[in-house]
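Before any comments, here is the structure.
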There are 2 protein chains.
Amino acid sequence: MDKDTKQRIIEAAQILFWEKGYHATGVAEIQKRAEVHSGSFYHFFKSKEELLEAVLEFYLQLLYPVVMAPSFEKYDDPIERIFGVLAGYRTQLIETNFTLGCPIGKLASEVEKEQVRARQLINANFEGWKKHIADCFEEANIRIGVAHNSMNLANLTLTVMEGSLLQVLAEQSIAPFDNAMIPFREYIEMLYKP
Amino acid sequence: MDKDTKQRIIEAAQILFWEKGYHATGVAEIQKRAEVHSGSFYHFFKSKEELLEAVLEFYLQLLYPVVMAPSFEKYDDPIERIFGVLAGYRTQLIETNFTLGCPIGKLASEVEKEQVRARQLINANFEGWKKHIADCFEEANIRIGVAHNSMNLANLTLTVMEGSLLQVLAEQSIAPFDNAMIPFREYIEMLYKP
DNA sequence: TCCTAATTTGAGTGATCAATCAAACCATAG
DNA sequence: CTATGGTTTGATTGATCACTCAAATTAGGA
(Lines give C-alpha, C1' and ligand atoms only; values in the text may rest on other atoms or scores of the structure.)
Protein backbone atom coordinates (compact mmCIF):
# COMPACT_ATOMS: atom_id res chain seq x y z
CA MET A 1 0.00 0.00 0.00
CA ASP A 2 1.54 3.29 -1.06
CA LYS A 3 0.18 5.28 1.87
CA ASP A 4 -1.51 4.94 5.18
CA THR A 5 -5.24 4.53 4.74
CA LYS A 6 -5.82 7.43 7.08
CA GLN A 7 -3.53 9.72 5.15
CA ARG A 8 -5.09 8.60 1.87
CA ILE A 9 -8.49 9.64 3.20
CA ILE A 10 -7.15 13.00 4.38
CA GLU A 11 -5.61 13.76 1.00
CA ALA A 12 -8.72 12.70 -0.89
CA ALA A 13 -10.83 14.96 1.29
CA GLN A 14 -8.28 17.75 0.94
CA ILE A 15 -8.60 17.94 -2.81
CA LEU A 16 -12.39 17.44 -2.85
CA PHE A 17 -13.02 20.07 -0.18
CA TRP A 18 -10.76 22.41 -2.12
CA GLU A 19 -12.55 21.84 -5.41
CA LYS A 20 -16.16 21.63 -4.27
CA GLY A 21 -16.29 22.71 -0.65
CA TYR A 22 -17.18 20.87 2.54
CA HIS A 23 -20.96 20.58 2.22
CA ALA A 24 -20.95 19.79 -1.49
CA THR A 25 -18.56 16.87 -0.95
CA GLY A 26 -20.20 13.63 0.14
CA VAL A 27 -18.51 11.12 2.42
CA ALA A 28 -19.17 8.44 -0.21
CA GLU A 29 -17.26 10.50 -2.75
CA ILE A 30 -14.28 10.82 -0.42
CA GLN A 31 -14.35 7.08 0.21
CA LYS A 32 -14.39 6.35 -3.49
CA ARG A 33 -11.47 8.65 -4.26
CA ALA A 34 -9.48 7.26 -1.33
CA GLU A 35 -10.38 3.70 -2.39
CA VAL A 36 -11.65 2.93 1.06
CA HIS A 37 -14.90 1.33 2.24
CA SER A 38 -17.29 2.92 4.66
CA GLY A 39 -16.35 0.88 7.70
CA SER A 40 -12.69 1.58 7.18
CA PHE A 41 -13.40 5.28 6.89
CA TYR A 42 -15.27 5.38 10.17
CA HIS A 43 -12.60 3.30 11.81
CA PHE A 44 -10.25 6.27 11.46
CA PHE A 45 -12.68 9.17 11.68
CA LYS A 46 -15.73 9.16 13.87
CA SER A 47 -17.45 11.77 11.67
CA LYS A 48 -17.07 13.89 8.56
CA GLU A 49 -16.34 16.84 10.82
CA GLU A 50 -13.45 15.04 12.46
CA LEU A 51 -12.01 14.45 9.01
CA LEU A 52 -12.35 18.15 8.26
CA GLU A 53 -10.30 18.87 11.36
CA ALA A 54 -7.63 16.42 10.26
CA VAL A 55 -7.50 18.08 6.85
CA LEU A 56 -7.06 21.49 8.48
CA GLU A 57 -4.27 20.12 10.68
CA PHE A 58 -2.60 18.79 7.55
CA TYR A 59 -2.85 22.21 5.91
CA LEU A 60 -1.11 23.65 8.95
CA GLN A 61 1.80 21.29 8.29
CA LEU A 62 1.91 22.27 4.63
CA LEU A 63 1.77 26.01 5.24
CA TYR A 64 5.47 26.71 5.30
CA PRO A 65 6.88 24.07 2.93
CA VAL A 66 4.21 24.41 0.25
CA VAL A 67 3.03 28.01 0.47
CA MET A 68 5.99 29.98 1.77
CA ALA A 69 9.18 28.05 0.98
CA PRO A 70 9.04 28.23 -2.84
CA SER A 71 8.93 32.01 -2.77
CA PHE A 72 11.32 32.39 0.15
CA GLU A 73 13.90 30.28 -1.66
CA LYS A 74 13.48 32.20 -4.87
CA TYR A 75 13.79 35.69 -3.42
CA ASP A 76 15.97 37.28 -0.77
CA ASP A 77 14.19 40.63 -0.58
CA PRO A 78 11.38 40.31 2.00
CA ILE A 79 8.88 42.38 0.00
CA GLU A 80 9.52 40.29 -3.08
CA ARG A 81 8.97 37.21 -0.94
CA ILE A 82 5.51 38.46 -0.06
CA PHE A 83 4.54 39.15 -3.64
CA GLY A 84 6.05 35.81 -4.59
CA VAL A 85 3.63 34.06 -2.24
CA LEU A 86 0.73 35.98 -3.76
CA ALA A 87 1.99 35.10 -7.25
CA GLY A 88 1.80 31.45 -6.22
CA TYR A 89 -1.95 31.73 -5.70
CA ARG A 90 -2.22 33.53 -9.01
CA THR A 91 -0.41 30.74 -10.82
CA GLN A 92 -2.62 28.15 -9.15
CA LEU A 93 -5.73 29.96 -10.37
CA ILE A 94 -4.46 30.21 -13.93
CA GLU A 95 -3.26 26.61 -14.09
CA THR A 96 -6.53 25.20 -12.78
CA ASN A 97 -8.62 27.45 -14.99
CA PHE A 98 -10.00 29.33 -11.98
CA THR A 99 -11.07 26.35 -9.91
CA LEU A 100 -8.60 26.27 -7.04
CA GLY A 101 -8.23 29.34 -4.86
CA CYS A 102 -7.29 29.29 -1.18
CA PRO A 103 -8.46 26.06 0.44
CA ILE A 104 -8.59 27.62 3.89
CA GLY A 105 -10.65 30.55 2.67
CA LYS A 106 -13.06 28.17 0.99
CA LEU A 107 -13.54 26.18 4.19
CA ALA A 108 -13.70 29.33 6.31
CA SER A 109 -16.79 30.47 4.43
CA GLU A 110 -18.57 27.18 5.07
CA VAL A 111 -17.68 26.30 8.64
CA GLU A 112 -20.39 27.16 11.11
CA LYS A 113 -20.09 28.74 14.52
CA GLU A 114 -20.76 25.46 16.27
CA GLN A 115 -17.80 23.73 14.62
CA VAL A 116 -15.47 25.14 17.24
CA ARG A 117 -12.36 23.07 16.64
CA ALA A 118 -12.53 23.45 12.86
CA ARG A 119 -12.81 27.20 13.26
CA GLN A 120 -9.86 27.24 15.62
CA LEU A 121 -7.79 25.38 13.05
CA ILE A 122 -8.83 27.76 10.28
CA ASN A 123 -7.73 30.65 12.47
CA ALA A 124 -4.46 28.87 13.23
CA ASN A 125 -3.85 28.59 9.49
CA PHE A 126 -4.65 32.26 8.95
CA GLU A 127 -2.53 33.31 11.91
CA GLY A 128 0.39 31.20 10.71
CA TRP A 129 0.11 32.68 7.24
CA LYS A 130 0.02 36.21 8.61
CA LYS A 131 2.94 35.53 10.94
CA HIS A 132 5.19 34.49 8.06
CA ILE A 133 4.17 37.55 6.04
CA ALA A 134 4.55 39.82 9.06
CA ASP A 135 8.08 38.50 9.53
CA CYS A 136 8.82 39.63 5.98
CA PHE A 137 7.49 43.11 6.67
CA GLU A 138 9.50 43.18 9.89
CA GLU A 139 12.67 42.24 8.04
CA ALA A 140 11.88 44.93 5.46
CA ASN A 141 11.44 47.44 8.29
CA ILE A 142 14.94 46.62 9.50
CA ARG A 143 16.55 46.69 6.08
CA ILE A 144 14.94 49.97 5.01
CA GLY A 145 15.04 51.51 8.45
CA VAL A 146 11.33 52.16 8.95
CA ALA A 147 8.84 51.01 11.57
CA HIS A 148 5.55 50.19 9.88
CA ASN A 149 3.08 47.98 11.73
CA SER A 150 4.03 44.63 10.25
CA MET A 151 1.09 42.72 11.69
CA ASN A 152 -1.46 45.16 10.31
CA LEU A 153 0.20 45.02 6.91
CA ALA A 154 0.24 41.22 7.00
CA ASN A 155 -3.43 41.31 7.93
CA LEU A 156 -4.13 43.59 4.96
CA THR A 157 -2.13 41.27 2.70
CA LEU A 158 -4.20 38.24 3.66
CA THR A 159 -7.33 40.31 3.31
CA VAL A 160 -6.43 41.46 -0.19
CA MET A 161 -5.50 37.94 -1.19
CA GLU A 162 -8.70 36.32 0.09
CA GLY A 163 -10.89 39.09 -1.26
CA SER A 164 -9.26 38.83 -4.66
CA LEU A 165 -9.61 35.07 -4.89
CA LEU A 166 -13.30 35.31 -4.09
CA GLN A 167 -13.85 37.65 -7.00
CA VAL A 168 -11.59 35.70 -9.35
CA LEU A 169 -13.53 32.50 -8.75
CA ALA A 170 -16.84 34.30 -9.19
CA GLU A 171 -15.80 36.14 -12.33
CA GLN A 172 -13.73 33.29 -13.77
CA SER A 173 -11.10 35.82 -14.73
CA ILE A 174 -7.78 36.88 -13.24
CA ALA A 175 -8.64 40.56 -13.66
CA PRO A 176 -9.91 41.22 -10.11
CA PHE A 177 -6.66 39.82 -8.70
CA ASP A 178 -4.42 41.85 -10.99
CA ASN A 179 -6.47 45.01 -10.60
CA ALA A 180 -6.44 44.78 -6.82
CA MET A 181 -2.71 44.07 -6.90
CA ILE A 182 -1.92 47.31 -8.76
CA PRO A 183 -2.89 49.77 -5.99
CA PHE A 184 -1.88 47.32 -3.26
CA ARG A 185 1.62 46.97 -4.69
CA GLU A 186 1.79 50.71 -5.18
CA TYR A 187 1.01 51.22 -1.50
CA ILE A 188 3.55 48.70 -0.28
CA GLU A 189 6.26 50.09 -2.52
CA MET A 190 5.38 53.57 -1.32
CA LEU A 191 6.11 52.36 2.21
CA TYR A 192 9.25 50.36 1.47
CA LYS A 193 10.88 51.90 -1.62
CA PRO A 194 11.08 55.58 -0.64
CA MET B 1 -51.93 37.86 3.03
CA ASP B 2 -49.24 40.39 3.87
CA LYS B 3 -47.06 39.59 0.87
CA ASP B 4 -47.02 37.68 -2.34
CA THR B 5 -46.26 34.05 -1.75
CA LYS B 6 -43.39 34.26 -4.21
CA GLN B 7 -41.82 37.23 -2.48
CA ARG B 8 -42.28 35.58 0.90
CA ILE B 9 -40.30 32.59 -0.35
CA ILE B 10 -37.57 34.82 -1.76
CA GLU B 11 -37.18 36.70 1.51
CA ALA B 12 -37.17 33.52 3.58
CA ALA B 13 -34.44 32.10 1.36
CA GLN B 14 -32.57 35.38 1.45
CA ILE B 15 -32.12 35.35 5.20
CA LEU B 16 -31.44 31.61 5.41
CA PHE B 17 -28.83 31.67 2.63
CA TRP B 18 -27.25 34.63 4.35
CA GLU B 19 -27.10 32.92 7.73
CA LYS B 20 -26.23 29.37 6.73
CA GLY B 21 -25.31 29.40 3.07
CA TYR B 22 -26.90 27.82 0.02
CA HIS B 23 -25.99 24.15 0.50
CA ALA B 24 -26.62 24.12 4.23
CA THR B 25 -30.15 25.46 3.76
CA GLY B 26 -32.77 22.86 2.91
CA VAL B 27 -35.77 23.57 0.70
CA ALA B 28 -38.00 22.24 3.50
CA GLU B 29 -36.53 24.83 5.85
CA ILE B 30 -37.24 27.64 3.41
CA GLN B 31 -40.82 26.40 2.97
CA LYS B 32 -41.35 26.31 6.71
CA ARG B 33 -40.03 29.83 7.24
CA ALA B 34 -42.08 31.17 4.33
CA GLU B 35 -45.14 29.26 5.60
CA VAL B 36 -45.63 27.64 2.22
CA HIS B 37 -46.19 24.02 1.27
CA SER B 38 -44.03 22.12 -1.12
CA GLY B 39 -46.39 22.19 -4.10
CA SER B 40 -46.82 25.92 -3.75
CA PHE B 41 -43.08 26.41 -3.62
CA TYR B 42 -42.52 24.49 -6.84
CA HIS B 43 -45.40 26.31 -8.47
CA PHE B 44 -43.29 29.47 -8.37
CA PHE B 45 -39.77 28.04 -8.64
CA LYS B 46 -38.94 25.03 -10.72
CA SER B 47 -35.84 24.32 -8.60
CA LYS B 48 -33.81 25.48 -5.62
CA GLU B 49 -31.33 26.96 -8.06
CA GLU B 50 -34.00 29.07 -9.72
CA LEU B 51 -34.87 30.42 -6.28
CA LEU B 52 -31.22 31.28 -5.72
CA GLU B 53 -31.28 33.28 -8.93
CA ALA B 54 -34.41 35.13 -7.80
CA VAL B 55 -32.72 35.93 -4.49
CA LEU B 56 -29.68 37.31 -6.31
CA GLU B 57 -31.93 39.43 -8.54
CA PHE B 58 -33.59 40.77 -5.40
CA TYR B 59 -30.19 41.67 -3.95
CA LEU B 60 -29.49 43.62 -7.13
CA GLN B 61 -32.60 45.68 -6.45
CA LEU B 62 -31.56 46.29 -2.85
CA LEU B 63 -27.98 47.27 -3.66
CA TYR B 64 -28.45 51.00 -3.89
CA PRO B 65 -31.31 51.64 -1.45
CA VAL B 66 -30.04 49.35 1.31
CA VAL B 67 -26.27 49.32 0.94
CA MET B 68 -25.37 52.67 -0.59
CA ALA B 69 -28.15 55.15 0.20
CA PRO B 70 -27.79 55.26 4.02
CA SER B 71 -24.16 56.34 3.74
CA PHE B 72 -24.66 58.57 0.70
CA GLU B 73 -27.38 60.47 2.53
CA LYS B 74 -25.31 60.83 5.65
CA TYR B 75 -22.13 62.12 3.98
CA ASP B 76 -21.40 64.52 1.19
CA ASP B 77 -17.68 63.86 0.89
CA PRO B 78 -17.22 60.94 -1.56
CA ILE B 79 -14.39 59.32 0.41
CA GLU B 80 -16.46 59.45 3.59
CA ARG B 81 -19.30 57.87 1.64
CA ILE B 82 -17.08 54.91 0.81
CA PHE B 83 -15.98 54.40 4.40
CA GLY B 84 -19.60 54.86 5.44
CA VAL B 85 -20.59 51.89 3.29
CA LEU B 86 -17.82 49.82 4.83
CA ALA B 87 -18.91 50.93 8.30
CA GLY B 88 -22.36 49.57 7.47
CA TYR B 89 -20.95 46.07 7.09
CA ARG B 90 -19.02 46.54 10.31
CA THR B 91 -22.18 47.50 12.19
CA GLN B 92 -24.01 44.52 10.74
CA LEU B 93 -21.29 42.18 11.99
CA ILE B 94 -21.31 43.65 15.48
CA GLU B 95 -25.10 43.69 15.78
CA THR B 96 -25.46 40.08 14.66
CA ASN B 97 -22.60 38.91 16.84
CA PHE B 98 -20.49 38.02 13.78
CA THR B 99 -23.06 35.97 11.92
CA LEU B 100 -24.04 38.14 8.96
CA GLY B 101 -21.33 39.33 6.62
CA CYS B 102 -21.80 40.01 2.91
CA PRO B 103 -24.58 37.80 1.52
CA ILE B 104 -23.19 37.98 -2.01
CA GLY B 105 -19.73 36.99 -0.87
CA LYS B 106 -21.18 34.06 1.03
CA LEU B 107 -23.04 32.83 -2.03
CA ALA B 108 -20.08 33.52 -4.32
CA SER B 109 -17.97 31.04 -2.39
CA GLU B 110 -20.58 28.31 -2.79
CA VAL B 111 -21.84 28.70 -6.34
CA GLU B 112 -20.29 26.25 -8.75
CA LYS B 113 -19.02 26.86 -12.25
CA GLU B 114 -22.01 25.12 -13.80
CA GLN B 115 -24.49 27.50 -12.17
CA VAL B 116 -23.96 30.01 -14.95
CA ARG B 117 -26.87 32.36 -14.35
CA ALA B 118 -26.31 32.49 -10.59
CA ARG B 119 -22.68 33.35 -11.17
CA GLN B 120 -23.63 36.06 -13.64
CA LEU B 121 -25.93 37.58 -11.05
CA ILE B 122 -23.23 37.46 -8.39
CA ASN B 123 -20.93 39.28 -10.76
CA ALA B 124 -23.65 41.80 -11.54
CA ASN B 125 -23.95 42.49 -7.82
CA PHE B 126 -20.20 42.88 -7.45
CA GLU B 127 -19.96 45.07 -10.55
CA GLY B 128 -22.83 47.25 -9.34
CA TRP B 129 -21.20 47.63 -5.94
CA LYS B 130 -17.87 48.56 -7.50
CA LYS B 131 -19.50 51.01 -9.90
CA HIS B 132 -21.08 52.96 -7.06
CA ILE B 133 -17.78 53.05 -5.18
CA ALA B 134 -15.85 53.96 -8.34
CA ASP B 135 -18.22 56.87 -8.86
CA CYS B 136 -17.23 58.11 -5.41
CA PHE B 137 -13.53 57.88 -6.23
CA GLU B 138 -14.21 59.65 -9.53
CA GLU B 139 -16.02 62.45 -7.74
CA ALA B 140 -13.11 62.68 -5.28
CA ASN B 141 -10.71 62.88 -8.24
CA ILE B 142 -12.62 65.88 -9.54
CA ARG B 143 -12.90 67.62 -6.19
CA ILE B 144 -9.25 67.17 -5.24
CA GLY B 145 -7.96 67.54 -8.76
CA VAL B 146 -6.23 64.20 -9.15
CA ALA B 147 -6.65 61.33 -11.59
CA HIS B 148 -6.33 58.03 -9.74
CA ASN B 149 -7.74 54.92 -11.37
CA SER B 150 -11.16 54.86 -9.75
CA MET B 151 -12.13 51.39 -10.97
CA ASN B 152 -8.96 49.80 -9.62
CA LEU B 153 -9.48 51.52 -6.29
CA ALA B 154 -13.12 50.38 -6.18
CA ASN B 155 -11.92 46.87 -6.97
CA LEU B 156 -9.43 47.07 -4.10
CA THR B 157 -12.15 48.37 -1.80
CA LEU B 158 -14.44 45.43 -2.51
CA THR B 159 -11.47 43.11 -2.16
CA VAL B 160 -10.53 44.51 1.24
CA MET B 161 -14.14 44.36 2.38
CA GLU B 162 -14.74 40.76 1.32
CA GLY B 163 -11.37 39.59 2.60
CA SER B 164 -11.99 41.26 5.95
CA LEU B 165 -15.43 39.78 6.40
CA LEU B 166 -14.10 36.29 5.72
CA GLN B 167 -11.60 36.67 8.53
CA VAL B 168 -14.06 38.32 10.88
CA LEU B 169 -16.54 35.47 10.54
CA ALA B 170 -13.77 32.90 11.01
CA GLU B 171 -12.23 34.62 14.01
CA GLN B 172 -15.53 35.81 15.50
CA SER B 173 -13.89 39.11 16.22
CA ILE B 174 -13.97 42.50 14.56
CA ALA B 175 -10.19 42.85 14.82
CA PRO B 176 -9.30 41.66 11.29
CA PHE B 177 -11.69 44.23 9.83
CA ASP B 178 -10.36 47.10 11.92
CA ASN B 179 -6.75 46.10 11.45
CA ALA B 180 -7.13 45.88 7.69
CA MET B 181 -8.94 49.20 7.65
CA ILE B 182 -6.03 51.04 9.29
CA PRO B 183 -3.50 50.74 6.46
CA PHE B 184 -6.27 50.79 3.82
CA ARG B 185 -7.61 54.09 5.12
CA GLU B 186 -4.08 55.42 5.41
CA TYR B 187 -3.51 54.63 1.75
CA ILE B 188 -6.75 56.21 0.55
CA GLU B 189 -6.16 59.33 2.61
CA MET B 190 -2.63 59.51 1.26
CA LEU B 191 -4.13 59.65 -2.23
CA TYR B 192 -6.97 62.04 -1.50
CA LYS B 193 -5.90 64.23 1.41
CA PRO B 194 -2.53 65.54 0.28
C1' DT C 1 -74.02 32.20 -11.77
C1' DC C 2 -70.69 29.33 -13.91
C1' DC C 3 -66.33 28.53 -16.05
C1' DT C 4 -61.44 28.74 -16.07
C1' DA C 5 -57.08 29.30 -14.50
C1' DA C 6 -54.11 30.27 -10.82
C1' DT C 7 -52.90 28.76 -6.45
C1' DT C 8 -52.56 25.72 -2.42
C1' DT C 9 -52.67 21.43 0.01
C1' DG C 10 -49.98 17.63 1.78
C1' DA C 11 -48.81 13.00 1.01
C1' DG C 12 -45.43 10.68 -1.51
C1' DT C 13 -41.24 9.86 -4.96
C1' DG C 14 -36.49 7.95 -5.39
C1' DA C 15 -31.93 9.43 -4.46
C1' DT C 16 -28.47 10.54 -1.49
C1' DC C 17 -26.92 11.90 3.08
C1' DA C 18 -23.80 10.62 7.14
C1' DA C 19 -23.16 6.87 9.98
C1' DT C 20 -23.38 1.78 11.88
C1' DC C 21 -22.38 -2.95 12.34
C1' DA C 22 -21.17 -7.86 12.38
C1' DA C 23 -18.29 -10.64 10.13
C1' DA C 24 -14.03 -11.48 7.82
C1' DC C 25 -9.26 -10.54 7.26
C1' DC C 26 -4.48 -9.96 8.42
C1' DA C 27 -0.28 -8.89 10.86
C1' DT C 28 2.28 -9.62 14.86
C1' DA C 29 3.56 -11.37 19.42
C1' DG C 30 4.01 -15.22 22.44
C1' DC D 1 0.99 -23.05 16.20
C1' DT D 2 -2.64 -19.95 18.47
C1' DA D 3 -4.32 -15.74 20.32
C1' DT D 4 -5.01 -10.85 19.91
C1' DG D 5 -5.97 -6.45 18.12
C1' DG D 6 -5.91 -3.42 14.44
C1' DT D 7 -7.98 -3.12 9.91
C1' DT D 8 -11.20 -3.97 6.07
C1' DT D 9 -15.37 -5.52 3.90
C1' DG D 10 -19.88 -4.21 2.27
C1' DA D 11 -24.66 -4.47 3.29
C1' DT D 12 -27.73 -1.62 5.80
C1' DT D 13 -29.72 2.05 8.79
C1' DG D 14 -32.94 6.08 9.30
C1' DA D 15 -32.87 10.80 8.16
C1' DT D 16 -32.95 14.17 5.00
C1' DC D 17 -32.34 15.74 0.28
C1' DA D 18 -34.74 18.11 -3.79
C1' DC D 19 -38.74 17.40 -6.11
C1' DT D 20 -43.64 15.61 -8.01
C1' DC D 21 -48.45 15.24 -8.38
C1' DA D 22 -53.44 14.66 -8.11
C1' DA D 23 -56.94 16.67 -5.78
C1' DA D 24 -58.94 20.60 -3.36
C1' DT D 25 -59.45 25.44 -2.94
C1' DT D 26 -59.66 30.10 -4.31
C1' DA D 27 -60.09 34.19 -7.29
C1' DG D 28 -61.68 36.71 -11.20
C1' DG D 29 -64.02 37.41 -15.64
C1' DA D 30 -68.05 36.56 -18.61
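In what follows, chains carry the letters A, B, and so on, assigned in the order in which the sequence lines appear, proteins first and then strands, with residues in each chain numbered from 1.
- Residue B:Lys46 contributes atom NZ, which lies 20 Å from atom C1' of C:dT7 at whole-angstrom precision.
- Atom NZ in B:Lys6 sits about 12 Å away from atom P in C:dT8, given to the nearest Å.
- For DNA chain D, the neighbouring residues in residues 23-41 of chain B, judged by any heavy atom under 4.0 Å, are B:Thr25, B:Gly26, B:Val27, B:Ser38, B:Gly39.
- As rounded to whole Å, 15 Å separates atom C1' of D:dT8 from atom CZ of A:Phe45.
- Taking A:Glu112 as the reference, nothing meets the salt bridge (Lys or Arg N to Asp or Glu O under 4.0 Å) condition, with sequence neighbours excluded.
- Each of A:Pro176, A:Pro183, A:Ser164 was compared with B:Leu156 under the side-chain contact (heavy atoms from CB on, under 4.5 Å) criterion, and only A:Pro183 meets it.
- Distances shown here put a side-chain N or O of A:Thr5 below 4.0 Å from the OP1 or OP2 atom of D:dT8.
- For the side-chain contact (heavy atoms from CB on, under 4.5 Å) criterion with A:Val55, the lone passing option out of A:Phe17, A:Tyr22, A:Trp18 is A:Phe17.
- The phosphate of D:dC19 has OP1 or OP2 within less than 4.0 Å of a side-chain N or O from B:Tyr42.
- For the pair B:Lys6 and B:Phe45, the distance from NZ or CZ to the six-membered ring centre is under 6.0 Å and the angle to the ring normal is within 45 degrees.
- One can place CZ of B:Phe44 at 6 Å from C1' of C:dT7, the figure rounded to the nearest angstrom.
- As a whole-Å value, the separation of A:Glu49 CD from C:dC17 C1' is 16 Å.
- Relative to the six-membered ring of A:Tyr75, A:Arg81 misses at least one condition, a distance below 6.0 Å or an angle of at most 45° to the axis.
- Per the geometry, NE2 belonging to A:His43 stands 18 Å off P belonging to C:dC25, to the nearest Å.
- A salt bridge links A:Arg143 with A:Asp76: at least one charged nitrogen is closer than 4.0 Å to a carboxylate oxygen.
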